[in-house]
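Bear in mind the structure is a predicted one, so any value in this text is a computation, not a measurement.
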Amino acid sequence: MEKVFVAVSGNIGVGKSTLVERLAARLDWEPVFEPQDESPYLADFYREMGVWAFHSQLFFLGRRLRQYRDFLAIPRSIIQDRCVYEDAEVFARNLFEQGLIGPRDWDTYQSIYQGVVHLIPPPDLLIYLKADLPTLRQRIEKRNRDYEKGIEPGYLETLQRLYERWIAGFRLAPVLVVPADWLNFVSDERHLDLIAEKVMEKLTGHETLDLDCP
């Protein structure tokens, strides 16, 4: 197969990084992870969203666009943890709709995003990890990251609605929805095999498997 670009999307705590790591190892692809630990704004953002929302989103937008530039130098197929589209259409849009990013800053963000998004290649496949809110909260609590301890339940719920709206209208690439509530790709090799097989089917246009909940 020629070099492909696959993105893994989904709400906070759904398991994106783990799936990227495991699929990269299984398929011999290059993993590209979300730069959450590199952000100088993230901890401040979770404490005071209204103050740091615009700064945080500009950081992630700029970092994501640099990732796309770096992709060109990678000879292997790439699987990415979170994509630029969900940064803009889920996280940044949520902050704008909640009034945490003002209209002037939103216009600035959108002018930058819209100015470059059509110049970057879309993924060959978008994997959407979907889980219900109790599952997300349980996983966030289990990984025990300091900057995530202040996440309010309502914030996760709003993101969930925006993710569903975004995925319903996404047309730039084929979408594989993975029900992460019951597919345990962390410790069950059969579930990981099922996802890997479905990914390859999607990429080659030969779909036979069903990932719906039993």
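Leu126 has its side chain within reach of Ile167: a pair of non-hydrogen atoms, C-beta onward, lies under 4.5 Å apart. Proximity of Ser9 to Tyr85: side-chain heavy atoms (C-beta onward) are nowhere separated by under 4.5 Å. When side chains are defined from C-beta on, Arg82 counts as touching Phe91, because their heavy atoms get closer than 4.5 Å. At a threshold of 4.5 Å between non-hydrogen side-chain atoms, the residues Ile12 and Leu159 count as touching. A heavy-atom distance below 4.5 Å is found between the side chains of Gln80 and Arg64.
Side-chain atoms of Lys198 never come within 3.5 Å of backbone atoms of Val178 as a donor-acceptor pair (strictly under, hydrogens ignored). Side-chain atoms of Lys16 do not come within 3.5 Å of backbone N or O of Asp81 as any donor-acceptor pair. The backbone N or O of Ala131 sits less than 3.5 Å from a side-chain atom of Gln160, completing a donor-acceptor pair. A donor-acceptor pair is defined here as one N or O able to donate and one able to accept, closer than 3.5 Å; no such pair exists between the side chain of His191 and the backbone of Leu183. A side-chain donor-acceptor contact under 3.5 Å links Asp181 to the backbone of Asp132. Judged purely by atom type and a 3.5 angstrom limit, Arg139 uses its side chain to pair as donor or acceptor with the backbone of Val14. With hydrogens and angles ignored, the 3.5 Å screen pairs no side-chain donor or acceptor of Asp87 with any backbone N or O of Ala92. In this structure, the side chain of Arg171 engages the main chain of Ala168 through a donor-acceptor pair within 3.5 Å. Judged by distance alone, with hydrogens and angles left aside, the side-chain atoms of Gln110 form no donor-acceptor pair with the main-chain N or O of Asp107 at under 3.5 Å. No donor-acceptor pair under 3.5 Å is formed between the side chain of Tyr68 and the backbone N or O of Ile120.
To the nearest 0.5 angstrom, Leu72 atom CG is 8.5 Å from Asp70 atom CG. Taking CH2 from Trp106 and OH from Tyr113, the interatomic distance works out to 9.0 Å, rounded to the nearest 0.5 Å. With rounding to the nearest 0.5 Å, the separation of CE in Met200 from CG in Leu23 is 10.5 Å. Between the CG atom of Leu19 and the CZ atom of Phe185 there is a distance of 4.5 Å, given to the nearest 0.5 Å. Going from atom OG1 of Thr135 over to atom CH2 of Trp182 covers 13.5 Å, rounded to the nearest 0.5 Å.
Partners of Arg93 by side chain to side chain donor-acceptor pair (under 3.5 Å), not counting sequence neighbours, listed by chain and number: Glu89.
Here Glu157 pairs with Arg161 in a salt bridge; the nearest charged N to carboxylate O distance falls below 4.0 Å. Salt bridge Arg76/Glu2: absent, no basic N to carboxylate O contact under 4.0 Å. Here Arg47 pairs with Asp44 in a salt bridge; the nearest charged N to carboxylate O distance falls below 4.0 Å. A salt bridge links Glu189 with Arg22: the closest approach of a Lys/Arg side-chain nitrogen to an acidic carboxylate oxygen falls below 4.0 angstrom.
Residues Gly13 and Ile140 approach most closely at CA-CG1, 3.9 Å, considering heavy atoms. Pairing each heavy atom of Val32 with each of Gln67, the nearest pair is CG1-NE2, 3.5 Å. The shortest non-hydrogen separation linking Trp52 to Phe45 is CB-CA, 3.8 Å. Annotation for Ser77 and Lys3: closest pair OG-CA, 3.5 Å, computed over non-hydrogen atoms. Between Leu162 and Arg165, the shortest heavy-atom distance links the atoms CD2-NH2, 3.0 Å. Here the shortest heavy-atom pairing between Leu95 and Ala53 reads CD1-CB, 3.8 Å.
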Steps toward side-chain hydrogen bond (donor to acceptor under 3.5 Å, both in side chains) verdict (Thr108, Asp105):
CA-CA 5 Å; Thr108 299; Asp105 288 341; 5.1 Å; no
Go through Leu203 and Val6 one step at a time and tell me if the side chain to side chain contact (heavy atoms under 4.5 Å, CB included) criterion holds.
CA-CA 9 Å; Leu203 289 170; Val6 174; 4.2 Å; yes
Candidate pair Val20 and Phe33, rule side chain to side chain contact (heavy atoms under 4.5 Å, CB included), full reasoning
CA-CA 8 Å; Val20 166; Phe33 294 100; 3.7 Å; yes
Determine, step by step, whether Arg137 and Glu141 satisfy the salt bridge (charged side-chain N to carboxylate O under 4.0 Å, His left out) criterion, reporting the C-alpha distance in whole Å, the side-chain angles of both residues, the deciding distance to 0.1 Å, and the verdict.
CA-CA 6 Å; Arg137 295 189 190 105; Glu141 182 178 354; over 6 Å; no
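A side-chain N or O of Glu164 and one of Tyr128 form a donor-acceptor pair less than 3.5 Å apart. Looking at Thr158 and Asn94, their side chains never bring a donor and an acceptor atom within 3.5 Å of each other.
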Give the table of side-chain donor-acceptor pairs shorter than 3.5 Å for residues 54-62, with sequence neighbours excluded, one pair per line with atom names and distance.
residue: His55; atom: ND1; partner: Val51; partner atom: O; Å: 3.4

